[in-house]
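These notes concern the structure reproduced below.
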Amino acid sequence: MLLNFALRYFEEIYINISLMSREELKDLTLELYERKEKKSVYFIYAPNQISTWKGFTDQTRCLETLENLNVLAEGVRDTGLLLYDIDLPQITKPVSNQLIRICSEYELFLGLKDSRSTENQAIASRIKFVQDELRKKFFSGPDTALALVGELGGFGRVSGMANLLPTAVQSLVANHRRQELQYDINMAFQALLDYSDDFVTAMEAIVLFQRDKDVMTDEERDRASRLYNRLYTQAA
């Protein structure tokens, strides 16, 4: 149902395949191939510790996926595999430069979305390796590094805060020198973290408060109201 919705309304679709079984991945690839959708469909993989592919390494998973994408490329407008480096304790593993290098030998390997690196030196090193050496694309994940990635020449930014502050994020991406926007986004991001240790939970509270206040308890509504006022005041 979600795939049908995405294919109907969006030109670019990103599908996280990290926890799919081999059978699910093959079924998905076959369905997309048979539909012959003129959309761009990209797969995202984050090395993980709870893979259902018993006995297979992350390298094997990625290379088999890239082989499947060679077939899929005949049925969709554009496709590829993007590695995702994110720190989720007990779930994900770091993306090694060795894995990136091996995958880079495939034309349909897009590059790296790096949500671990937030410091200048770490991001600069990864951009140099991924873009300059391997000729692939580097995407930033952390909202606190949006301006920095633009300054250092990264290809693009993937932002959770763009769901709540689209104008501020888009303006900063368009001009990374507007450090006041990065400051505002950081302050709004901190407001979310103060609300909950879980970024997604805090974001859902804001969305629910703006859309369906009546389904929240009085305590939830008051808490979300305070978050709403703080978020949008600090990011004004």
Side-chain angles (χ1 to χ4, degrees), residues 1-21 24 28 39 41-46 48-50 52 82 84-93 113-118 139-149 156-174 178-236:
M1 182 179 68
L2 198 54
L3 178 62
N4 287 334
F5 178 85
L7 289 170
R8 180 177 178 183
Y9 291 104
F10 299 96
E11 291 299 312
E12 287 190 356
I13 298 105
Y14 293 80
I15 303 175
N16 188 343
I17 62 167
S18 302
L19 299 180
M20 283 187 180
S21 67
E24 288 171 332
L28 173 62
K39 305 292 179 73
V41 181
Y42 304 105
F43 288 178
I44 299 171
Y45 180 70
N48 63 88
Q49 302 181 40
I50 52 178
T52 58
L82 180 69
Y84 185 10
D85 200 351
I86 182 171
D87 184 16
L88 298 175
Q90 315 279 303
I91 299 176
T92 60
K93 297 182 291 186
K113 175 190 170 184
D114 187 353
S115 286
R116 287 182 187 266
S117 303
T118 57
F139 299 83
S140 164
D143 287 284
T144 54
L146 295 174
L148 180 58
V149 170
R157 270 74 90 207
V158 182
S159 167
M161 292 300 292
N163 293 285
L164 302 176
L165 306 172
T167 302
V169 171
Q170 288 177 339
S171 297
L172 181 59
V173 169
R178 295 191 62 185
Q179 289 294 332
E180 75 280 4
L181 289 175
Q182 180 68 78
Y183 176 80
D184 290 342
I185 291 168
N186 290 354
M187 292 298 98
F189 183 73
Q190 186 59 50
L192 288 176
L193 294 183
D194 291 343
Y195 179 92
S196 170
D197 291 336
D198 184 348
F199 175 80
V200 174
T201 297
M203 205 159 61
E204 287 176 344
I206 279 289
V207 172
L208 193 61
F209 176 75
Q210 295 178 88
R211 192 187 62 198
D212 300 310
K213 293 187 184 71
D214 55 318
V215 303
M216 306 176 84
T217 66
D218 291 341
E219 182 180 353
E220 288 173 334
R221 190 163 54 249
D222 290 344
R223 193 170 175 219
S225 175
R226 291 195 298 271
L227 172 61
Y228 177 89
N229 292 332
R230 187 173 170 200
L231 181 84
Y232 290 104
T233 297
Q234 293 185 352

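Not measured: the values here are computed from a predicted model.
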If you define the side chain from C-beta out and look only at heavy atoms, does anything of [X] sit under 4.5 Å from [Y]?
X    : Y    : result
L192 : M161 : yes
D194 : R230 : yes
I206 : Y232 : yes
L28  : L3   : yes
Q179 : Y183 : no

So which atom in [X] and which in [Y] form the shortest heavy-atom distance, rounded to 0.1 Å?
X    : Y    : result
L165 : A188 : CD1-CB, 3.7 Å
A205 : M216 : O-CE, 4.2 Å
R116 : I86  : NH2-O, 3.2 Å
S140 : V149 : CB-CG2, 3.1 Å
T201 : D198 : OG1-OD2, 2.9 Å
N48  : K93  : O-CE, 3.3 Å

N/O donor-acceptor pair under 3.5 Å between Q182 side chain and D143 backbone: yes

Under 3.5 Å: donor-acceptor pair, side chain of N163, backbone of G160: yes

Taking atom types as modelled, is there a side-chain donor on N16 or S18 under 3.5 Å from an acceptor on the other? yes

Polar contact flag, side-chain donor to acceptor under 3.5 angstrom, N186-Q190: no

Crowding at CG, L2 (>12 non-hydrogen neighbours, <6.0 Å): no

Can you tell me how far [atom2] of [Y] sits from [atom1] of [X], rounded to the nearest 0.5 angstrom?
X    : Y    : atom1 : atom2 : answer
Y195 : L227 : OH    : CG    : 6.5 Å
L231 : N229 : CG    : CG    : 9.5 Å
I44  : L82  : CD1   : CG    : 5.5 Å
L172 : T167 : CG    : OG1   : 12.5 Å
S171 : E180 : OG    : CD    : 9.5 Å
I91  : Q49  : CD1   : CD    : 8.5 Å

With salt bridge (charged side-chain N to carboxylate O under 4.0 Å, His left out) as the rule and sequence neighbours excluded, what pairs involving residues 200-221 come up? D218-R221

Stepwise ring-ring contact (aromatic ring centres under 6.0 Å, His included) test for Y84 and F139: CA-CA 9 Å; Y84 185 10; F139 299 83; over 10 Å; no

Atom pairs and distances, donor-acceptor, side-chain atoms in residues 7-15, under 3.5 Å, two or more places apart:
residue	atom	partner	partner atom	Å
E11	OE1	R77	NH1	3.3
E12	OE1	Y14	OH	3.2

